[in-house]
Amino acid sequence: MKYYDFIAFQEMRAITRNSKSDILKTPYRSLEFAKYLYQTYHKPTFLAYLALSSYKNSKLQTEVFKRYSQLLPIFKKEANLIGFNIFHYFDTPQQVGYFKEAEKYFGIIDKNGNRKGSFY
């Protein structure tokens with residue numbers, strides 16, 4: 001660990017694999033995990049990518065991004081978070097994978113170029 005500058009982790013959620021209540025808990029789970037990593041390894045943390053699908057519920061994606069935004073000062077203070085990335089900027093209609101149909105909706109901009117609520 002002495003050779004690493006920071007510890008990275010990821011969060012991926014979609015209604016095709018997770019319940020709505022579990023998705024709503026994601027920011028808090030991330031915070032607790034980041035705190036654990038920071039306390040265990042004494043290195044800054046980095047949320048390497050946050051993937052939250054808007055499939056069938058764009059308001060849910062927006063709500064979870066908003067909660068992350070509200071928690072960022074706590075992430076920084078208690079887990080020494082140095083940054084985070086989102087998984088996709090744009091929805092990707094050709095995407096396939098573990099989250100099935102929801103894979104296509106990880107962006108904060110839809111396939112037509114319109115900003116979703118989570119963009120803000």
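Everything numeric in this text was worked out from a predicted model, so none of it was measured.
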If two hydrophobic side chains count as joined below 4.5 Å and joins carry through other members, does [X] share a cluster with [Y]?
X	Y	answer
I74	I82	no
Y38	F33	no
F6	L50	no

- Query: Does CZ belonging to R29 count more than 12 external heavy atoms closer than 6.0 Å?
  - Reply: no
- Item | Closest non-hydrogen atom pair, E103 against G97 | OE2-C, 3.3 Å
- Query: What heavy-atom pair brings A102 and S53 nearest, and what distance separates the two atoms?
  - Reply: O-OG, 2.8 Å
- Task: May I have the step-by-step check of side chain to side chain contact (heavy atoms under 4.5 Å, CB included) for T26 and R13, ending in yes or no?
- Result: CA-CA 8 Å; T26 304; R13 300 286 184 273; 3.3 Å; yes
- Message: Taking the side chain as everything from C-beta on, heavy atoms only, tell me whether L24 gets closer than 4.5 Å to V64.
- Response: yes
- With sequence neighbours excluded, tell me which residues meet side-chain contact (heavy atoms from CB on, under 4.5 Å) with S19. S21, D22
- K43 and D5: side chain to side chain contact (heavy atoms under 4.5 Å, CB included), yes or no, with the steps? CA-CA 7 Å; K43 298 285 183 173; D5 295 326; 6.0 Å; no
Distance check, rounded to the nearest 0.5 Å: [X] atom [atom1] versus [Y] atom [atom2]?
X	Y	atom1	atom2	answer
E11	F9	CD	CZ	6.5 Å
E32	E78	CD	CD	8.0 Å
L60	N18	CG	CG	10.0 Å
L52	S58	CG	OG	12.5 Å
K35	S30	NZ	OG	12.5 Å

- State, without any angle test, whether T16 and Y55 hold a side-chain donor-acceptor pair at a distance under 3.5 Å. no
Can you tell me if [X] uses its side chain to pair, donor with acceptor, with the backbone of [Y] under 3.5 Å?
X	Y	result
T45	I7	no
T40	L37	no
S69	F65	no

- Task: Determine, using ring centers only, whether F46 and F84 are less than 6.0 Å apart.
- Result: no
- Salt-bridge test for K104 and E101: reply yes if a basic N is under 4.0 Å from a carboxylate O, no otherwise. yes
Identify every side-chain donor-acceptor pair in residues 110-120 under 3.5 Å, counting partners at least two apart or on other chains, and give the distances.
| unit_1 | atom_1 | unit_2 | atom_2 | d |
| --- | --- | --- | --- | --- |
| D110 | OD1 | N112 | N | 2.8 |
| D110 | OD1 | G113 | N | 3.0 |
| D110 | OD1 | N114 | N | 2.9 |
| D110 | OD2 | N114 | ND2 | 3.3 |
| K116 | NZ | S54 | OG | 2.6 |
| K116 | NZ | D91 | OD1 | 2.7 |
| K116 | NZ | D91 | OD2 | 3.0 |
| K116 | NZ | Y105 | O | 3.3 |
| K116 | NZ | G107 | O | 2.8 |
| S118 | OG | Q61 | OE1 | 2.9 |

- Please assess N85 against L47 for the test side chain to side chain contact (heavy atoms under 4.5 Å, CB included), listing each intermediate value before the final yes or no. CA-CA 7 Å; N85 293 320; L47 182 45; over 6 Å; no
- Connected to F106, directly or through other members, by ILVMFWY side-chain contacts below 4.5 Å are M12, Y49, F87, Y98, F99
